[in-house]
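Fair warning: this is a prediction, and the values are worked out from it, not measured in the lab.
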Amino acid sequence: MNRRNFVKGSTLTGAALLASSGLSASMVTKKPAKPFNLKFAPHDGMFKEHAGKNILDQLQFMKDQGFAAFEDNGMKNRDVSLQKKIGEKLASHGMDMGVFVAHKIHWKEPSLVLENHRDTFLNEITESVEVAKRCGAKWMTVVPGYLNLREQPEYSTAVLVETLKQAAGILEPHGLVMVLEPLNFRNHPGLFLTRIPQAYLICQAVASPSCKILFDIYHQQIQEGNIIPNIEDAWEEIAYFQIGDNPGRKEPGTGEINYYNVFRKIHEKGFKGILGMEHGNSQSGKEGEIAVIEAYRKVDI
């Protein structure tokens, strides 16, 4: 069965969704909404049907719908002037900047598990400090890259830990945090970092407030499940969450993850940080964007 047709057939239609939630196209675009309790962070393009392609207009729309944060993986590739404008816009709205990707990720070859990549990575981290200053970011994503199939993983771990310690030394004076993201074997086969316990071990070894875990709930549901127990066990090293239901990597309520219970646990733990909405919309057009907003209203704690 076509997944898009299944989702459309098994969820509310756009008209029914508007009626059931009390939302309308005019309300979405014109009436400021109640702020979300949790700090959900949409990304560029998620609401472009309502707000247009201009990123600053999108930020205005996000603010009007009650969102208090924004994340942008590609921030480092934006013009310096736009990075500054985004930072200024976020500050004027009292919104937080979420993660951006701090370095070039090597998807098919070893990188941070090799010593000869260390200097390049440290230079990229130094560059990312300036990006963070311009856009008001605190967190930046690090993905250690591909496995070194010619070496035992313990040796690779030792090399990675030393590299991250040196990177943390660059970030600590600025109060910035790199967050290590384990990724799942289906979307990204062959990567070195895949599991939360593995990321926990690495962060414990680095032992720096500037090296923490990005817990992507979508990736971990595929990779190892056990979401809430892993949140409990790795809590002291988790600094950031990302969201996406499985299967499909769309908004909460479109897949198998009980996001209300997951968010309740995160809320009970006292988490005040950002939960990045790193997923697509299950439906197209303005109705699909309204469905995303409504989905988050249903799981907000």
Roughly how far, to the nearest 0.5 Å, is [atom2] of [Y] from [atom1] of [X]?
X      : Y      : atom1 : atom2 : value
Thr141 : Glu71  : OG1   : CD    : 7.5 Å
Ser111 : His103 : OG    : NE2   : 7.0 Å
Asn258 : Ile227 : CG    : CD1   : 11.5 Å
Phe215 : Gln242 : CZ    : CD    : 12.0 Å
Phe121 : Thr126 : CZ    : OG1   : 10.0 Å
Cys211 : Gln204 : SG    : CD    : 10.5 Å

Are [Y] and [X] connected in a single hydrophobic cluster, I mean Ile/Leu/Val/Met/Phe/Trp/Tyr linked by side-chain heavy atoms less than 4.5 Å apart?
X      : Y      : answer
Leu160 : Leu191 : no
Val113 : Ile105 : no
Leu112 : Val129 : yes
Leu193 : Ile217 : yes
Phe100 : Leu183 : no

If we only count heavy atoms from C-beta on, is the [X] to [Y] side-chain gap below 4.5 Å?
X      : Y      : value
Pro182 : Ile196 : yes
Ile243 : Phe263 : yes
His279 : Pro252 : yes
Leu164 : Met178 : yes
Ile301 : Tyr260 : yes
His50  : Gln65  : no
Leu171 : Met140 : yes
Leu114 : Val159 : no

Open item on the list: With a 6.0 Å cut-off (strictly less than), is the heavy-atom count around CD of Glu115, excluding the residue itself, greater than 12?
Closed with: no
- [ ] Assess whether atom NE2 of His267 is packed by more than 12 heavy atoms of other residues, nucleotides or ligands within 6.0 Å.
- [x] no
TODO: Could you work out the complete set of other residues in the hydrophobic cluster of Val99, with links drawn between I, L, V, M, F, W and Y side chains under 4.5 Å apart?
DONE: Trp139, Val177, Val179, Leu214, Tyr240, Ile274
TODO: Please step through side-chain contact (heavy atoms from CB on, under 4.5 Å) for the pair Arg134 and Val80, ending with a clear verdict.
DONE: CA-CA 8 Å; Arg134 288 191 285 267; Val80 169; 3.4 Å; yes
Is it true that [X] and [Y] have a side-chain N and a carboxylate O under 4.0 angstrom from each other?
X      : Y      : value
Glu127 : Lys76  : yes
Lys133 : Glu130 : yes
Lys34  : Asp300 : no
Lys269 : Glu232 : yes

Task: Near-ring test Phe47/Phe67, centroid separation under 6.0 angstrom - done: yes
Nearest heavy-atom neighbours spanning [X] and [Y]:
X      : Y      : result
Pro42  : Ala69  : CD-O, 3.2 Å
Phe192 : Pro144 : CD2-CB, 4.5 Å
Ala102 : Ser128 : O-OG, 2.7 Å
Asp245 : Gly255 : OD2-N, 2.8 Å
Ala51  : Phe61  : CB-CB, 3.7 Å
Arg78  : Ile86  : CD-CD1, 3.8 Å

Task: Residue pair Leu38, Ile266: steps toward the side-chain contact (heavy atoms from CB on, under 4.5 Å) verdict - done: CA-CA 9 Å; Leu38 296 175; Ile266 292 170; 5.5 Å; no
- [ ] For a side chain to side chain donor-acceptor pair (under 3.5 Å) with Asn184, tell me which candidate from Gln220, His219, Glu224, Gln221 qualifies.
- [x] His219
Open item on the list: My understanding is that only one of Glu251, Lys250, Arg249 makes a side chain to side chain donor-acceptor pair (under 3.5 Å) with Ser282; could you say which?
Closed with: Glu251
Open item on the list: Could you work out, with side chain to side chain contact (heavy atoms under 4.5 Å, CB included) as the rule, every residue matching His93, not counting sequence neighbours?
Closed with: Gln60, Lys63, Lys89, Met95
Open item on the list: I'd like to know if the side chain of Gln283 and the backbone of Ala291 have a donor-acceptor N/O pair within less than 3.5 Å.
Closed with: no
Open item on the list: Determine whether a donor-acceptor pair (N or O, by modelled atom type, separation under 3.5 Å) exists between the side chain of Asp79 and the backbone of Ser81.
Closed with: no
- [ ] Classify the angle between the aromatic ring planes of Phe40 and Phe36 as parallel (below 30°), tilted (30 to 60°) or perpendicular (above 60°).
- [x] perpendicular
- [ ] Would you please classify the geometry between the Phe241 ring and the Trp235 ring as parallel, tilted or perpendicular, with 30° and 60° separating the classes?
- [x] tilted
TODO: Under the side-chain contact (heavy atoms from CB on, under 4.5 Å) rule, what do Leu90 and Asp96 come out as? Steps first, then yes or no, please.
DONE: CA-CA 6 Å; Leu90 291 170; Asp96 288 343; over 6 Å; no
- [ ] Any side-chain hydrogen bond (donor to acceptor under 3.5 Å, both in side chains) involving residues 190-200? Give me the pairs, sequence neighbours left out, ordered by first then second residue.
- [x] Tyr200-Glu236
Task: Pair Asn187, Tyr218: side-chain N/O donor-acceptor within cut-off below 3.5 Å - done: yes
- [ ] Could you give me the CA-CA distance, side-chain angles and deciding distance for His117 and Thr120, then say whether side-chain contact (heavy atoms from CB on, under 4.5 Å) is met?
- [x] CA-CA 6 Å; His117 277 259; Thr120 297; 5.5 Å; no
